[in-house]
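Lettering follows sequence order; numbering is per chain, from 1.
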Protein chains: 2
Amino acid sequence: MGLSREDCVRLDREDPLAFARERFVIPAGVNYLDGNSLGALPRGVSERVRHVVDEEWGVGLIRSWNQAGWYAAPGRIGARIAPLLGAAPHQVTVTETISINLFKLLVAAARLRPNRRKIVAELGNFPSDNHIVDSVCRMLGLTPVYVTAGEIADAVDDDTAVAELSHVNYRTAEIQDMAAVTAAIHAKGALVVWDLAHSTGAVEFSLDDARADFAVGCGYKFLNGGPGAPSHVYVAERHLAAVDQPLTGWFGHAAPFAFAHEFARAEGIRSMLCSTPQMLSTAALEAALDAFDGVSMREVQAKGRALGDLMIRLYDERLADLGCGLSASRDGSRRGNHVSITHPNGFQIMQALIARGIIGDFRAPDVMRFGFGALYVRFVDIFDAVQGVEDLLRSGEWRDVPPPNANDVT
Amino acid sequence: MGLSREDCVRLDREDPLAFARERFVIPAGVNYLDGNSLGALPRGVSERVRHVVDEEWGVGLIRSWNQAGWYAAPGRIGARIAPLLGAAPHQVTVTETISINLFKLLVAAARLRPNRRKIVAELGNFPSDNHIVDSVCRMLGLTPVYVTAGEIADAVDDDTAVAELSHVNYRTAEIQDMAAVTAAIHAKGALVVWDLAHSTGAVEFSLDDARADFAVGCGYKFLNGGPGAPSHVYVAERHLAAVDQPLTGWFGHAAPFAFAHEFARAEGIRSMLCSTPQMLSTAALEAALDAFDGVSMREVQAKGRALGDLMIRLYDERLADLGCGLSASRDGSRRGNHVSITHPNGFQIMQALIARGIIGDFRAPDVMRFGFGALYVRFVDIFDAVQGVEDLLRSGEWRDVPPPNANDVT
C-alpha cells in the first residue's frame, strides 16, 4: 500500500524543523523545489536591503564604507558562514563568484606545488569548474586530467599539483567522503580544492576536520542569498601566509589606501579578495544567514535526507514504471539535498510542472532536479511534486510544451 | 575682487543642467563632492531594488532569470551605457569588476599578439591596474614596462602586445587624447586597453571614433550605480569574434544550459561574461542610468569643466597662499570631472571637512579630491567646499583629527 498525502501531512506535523518555514517568503500557489538553483527569499532581507539603499547609500554615502561596516563585510560574513562549513572563522571570506574564486585557488595551489605539472579534476562536475581548470592549465602550461569523482584519489600522483572536485555532485547529489579523498590526495603530496556549491547550507561536513586545503561555495543556492549572491572561499589556516592568487586587486592589498605602485598581499583570508564588493548583493546574503540561526547542519541534512528518501520511495511507487529513471543514490548517507529524476522529455515535463507552480529545474539532457531547501520545504511538497509528474506522464499534457531552447535559463 | 557666494548662486540659476539635481536623493546638510568614489543615490533606484527583491526574487523565484529579464541584463545594461562611451551597443556589457575585467582583457590582448613580450602601462595609474598588469605578465611570461601616460605612445614598440592606461587620471584628472594615443599604439602594431574609471558618465569621448580596442569602466562612480556596482567592458566590433579571455565561466559559454564538458565561447560581447551576475547590484545600476535620460555627455562634461574652473579660481583666490597645492590641469579641456588639492595634512583636513558635511575623498599621501557629479553638484557647493577648506586652514581645527590609519577607507 502506497504512501498517502495524509501520511506526508503527518510527517510535517512531526518535523522538528517545521518552524523554520516561517522564516521565508513562500508565494501562494508555489511548491518550491529549486533551492539549489536559487533559494527562497528569507524574511528580513528586503528590509535590510532597503536600509542599505535608502540609509547607508542614500544618506551615509561614501562614509558607509567605514561607518556601516561595508569594508569589513567580506570577512564578517565569511566568519558567519564558517560554522556551516565546519571551519574556524578566520579562514573564510565572501567575494565574487565560484568560477573566479576557483581560478584564484587553482593558480595559488599550483604555485604551492611549482614542480608538478598536472591538475586532476572531476569528469561529470558542473562544467564551468572544468572550463576554469582548462583555462588555468592553458595559462600555466599544466595538463588537465579528468576522471570521475570516485577515481580522483587513484588518479592523483606525484606529478599532480592539485585536485578539484565537488563534494556533492550537481546532478546525482552523490556526496564524496571529504576526509578520505583529501587524505588520499595529500598522501601523494598534492593539494585539494573542494567545490561546495551543493553542500553549503545543505549537508553537514567539516573542512577543518577533513584537513581540506581550499574550498569555494555558493551564496544563492542553499544559503538563500539572492540571485547571483557572492561566493564564499576557504583557505586552510596553514596556507594563509603563503597563498598567492593572481587576481591582485586593491581589496586584497595589505594597505589599499596607501596607493603604492607595488602589490603587497593583505594578511590572512583578505588576500583572497580582489575588488570592491557589490554591496547590495552582499548585504542580502548577510541578512539571509539569519534563517540558519539556531539550526544545526546536522538537523538540516537529516531533514533533507528524509525529504529525499520520501521522494525516492514515491518515485518507486508512482514513477518508475512510467519511463522515468532515478539519478540519485538510494543510500541517504551518500546523497545531498536534491534528487534527480530523468526522463527523455524532462525539459517539457519540468516546464509543465512549473506552469502548475511546482518548481524544480532541468539540467540537460534529461535531468529533472528537485532541490530541498530543508528550512522551508515540506514533506507534503514532495508528495505533490511526484503526483504532479505522475499526472503529467499519465495525461501526456507535457506534450503541449515546446521543446528546449539552449539559450533559456532553465 | 574675489568671487562671492552670490555669484555662485547666480551660476546655479543659469545652469541648464540644474533640473537634473532633482533626480537624486541628496541628504540635508551634505555637500557631496565624492561622485568619483561613490555617486549619490538616484531617485527610483530604491523602488526598483525593492521590486527585484520582493517580486522578482520573492515571488518570481528562479523563473525571473527568464521572465524578469535577469539573464539578458548584462548586455541590455551594456547597450544602455554604450552611448555614454561613444560606442555601438553590441560592444558593451556589464559584469564583475574593473580589475577582473582588466585581467580578462589583458590576457585576451596578449593572445592576439602572441609573439610580443611586453605590456606597457601607466606609471601613476590607479595602482590596482598595475597590480593586474604585473599579475598577467607573471602568468604569461611577459615583461611590464611602466612609463607616465604622456610617454606611453613612445614606449610602445614592436615587441609590445598591449598598452593599458587611464583616459582620466584618478589624481590629476588629466585627460589623455584617446584617438591620438590609440593611433600611436596601433602604429606599432600593439593593442590598447583604456581604463574609463573616471571617464564614464563624467566626460565626453568615443571609443569607436578613437578606434580603441578594449576598455573597462566603473559603475559606482559617475554612473551612480551604488556601492560596488558592476563594471562595464568594451570590445571593439573587429575583435569580438577572436577575443579569448581566461575567466571561462558558464555565462560566457555559447550554450550554458547544454552542460557540455568542453568550453565554447559565446558569440559577441557575451563571451566577456564569466559568472552569474549579482542581480541586486546589477539592477540598481540599471535603474541609476535613468538619471542620464535626455542628457548629453557634452553637457555633462561642460558642467563638470565649469565646476572645476570655478574650484581652481577659488583655490587661487583663497587656498594657494595657505600651504595647498593644485594637482589638476588648469586647461579645462584636458581635465576630467574632479579637482585634486594637495596639502601635507590632507587626510586630517578632509576628515574635518567630512565632519562638517562637505564630502570629498583623500588619496594618499596628500591629495584631497573633489569629484563633480555634474548631474547634482551645484556651483554653490564648490564655493562652500573651498570656504570650508579655507576656514579649517585658518582656524587650524583640522588638528583635532587623528592622523590616518592605512586600513581606513578614505
- Query: B:Ser275 and A:Ser99: which non-hydrogen atoms are nearest, and at how many Å?
  - Reply: OG-CB, 3.5 Å
- Message: Please report the interatomic distance CD1(A:Ile100) to SG(B:Cys274), rounded to the nearest 0.5 Å.
- Response: 4.5 Å
- Message: Is the shortest side-chain heavy-atom distance between A:Leu61 and B:Val30 below 4.5 Å?
- Response: yes
- Task: Check whether any side-chain heavy atom of A:Glu96 lies under 4.5 Å from a side-chain heavy atom of B:Glu96, and answer yes or no.
- Result: no
- Message: Can you give me the closest heavy-atom contact between A:Thr248 and B:Ile132, atom names plus distance?
- Response: N-CD1, 3.7 Å
- Item | Most contacts with chain B, counted as non-hydrogen pairs under 4.5 angstrom, among A:Ala284, A:Ala229, A:Ala40, A:Ala28 | A:Ala40
- Should A:Tyr32 and B:Ile62 count as side-chain neighbours, where that means a heavy-atom distance under 4.5 Å? yes
- Item | Between B:Ile354, B:Leu102, B:Asp244, the one whose heavy-atom pairs under 4.5 Å with chain A are most numerous | B:Asp244
- Message: Using 30° and 60° as the class boundaries, would you call the ring planes of A:Phe126 and B:Phe259 parallel, tilted or perpendicular?
- Response: perpendicular
- Note on the structure: Okay, A:Leu247 and chain B: the region with an atom under 4.5 Å from a heavy atom over there is both
- To the nearest 0.5 angstrom, please state how far the CD atom of B:Glu262 sits from the CG atom of A:Asn130. 9.5 Å
- So which of A:Thr282, A:Val53, A:Leu140 has the biggest tally of heavy-atom pairs under 4.5 Å with chain B? A:Val53
- Task: Please report the closest heavy-atom contact between B:Trp57 and A:Val45, naming both atoms and the distance.
- Result: CZ3-CG1, 3.7 Å
- Task: Scan residues 49-63 of chain B for pairs that pass salt bridge (Lys or Arg N to Asp or Glu O under 4.0 Å), counting only residues two or more places apart or in two chains.
- Result: B:Arg48-B:Glu56
- Message: Within this structure, what is the CZ-CZ distance for the pair A:Arg138 and B:Arg111, rounded to the nearest 0.5 Å?
- Response: 3.5 Å
- Item | Reported CH2-to-CG distance for the pair B:Trp250 and A:Asp129, which is rounded to 0.5 angstrom | 12.0 Å
- Query: Which region of B:Val136, side chain (C-beta onward) or backbone (N, CA, C, O), has a non-hydrogen atom less than 4.5 Å from a non-hydrogen atom of chain A, or is it both or neither?
  - Reply: neither
- Are B:Phe362 and A:Phe257 side-chain neighbours, meaning at least one heavy-atom pair lies under 4.5 Å? no
- Item | Qualifying residues under ring pair (Phe, Tyr, Trp, His ring centres under 6.0 Å), relative to B:Trp70, sequence neighbours excluded | B:Trp65
- Taking the side chain as every heavy atom from C-beta outward, state whether B:Gln278 and A:Pro230 have any pair of such atoms under 4.5 Å apart. yes
- Message: Given heavy-atom pairs under 4.5 angstrom as the criterion, report whether the side chain, backbone, both or neither of B:Ala260 touches chain A.
- Response: backbone
- Options B:Gly225, B:Ala283, B:Ala266, ranked by heavy-atom pairs under 4.5 Å with chain A, top entry: B:Gly225
- Item | pair B:His261-A:Tyr146: side-chain heavy atoms closer than 4.5 Å | yes
- Sort B:Ile26 into side chain, backbone, both or neither according to what part of it lies under 4.5 angstrom from a heavy atom of chain A. neither
- Let me know if A:Asn101 has heavy atoms under 4.5 Å from chain B in its side chain, its backbone, both or neither. neither
- Can you tell if the side chain of A:Thr276 reaches within under 4.5 Å of the side chain of B:Thr97, non-hydrogen atoms only? no
- Item | Region of B:Pro246 in contact with chain A, defined by heavy-atom distances below 4.5 Å | both
- Item | Option that, when pairs with chain A are counted at under 4.5 Å, heavy atom only, ranks first among B:Gly249, B:Gly60, B:Ser46 | B:Ser46
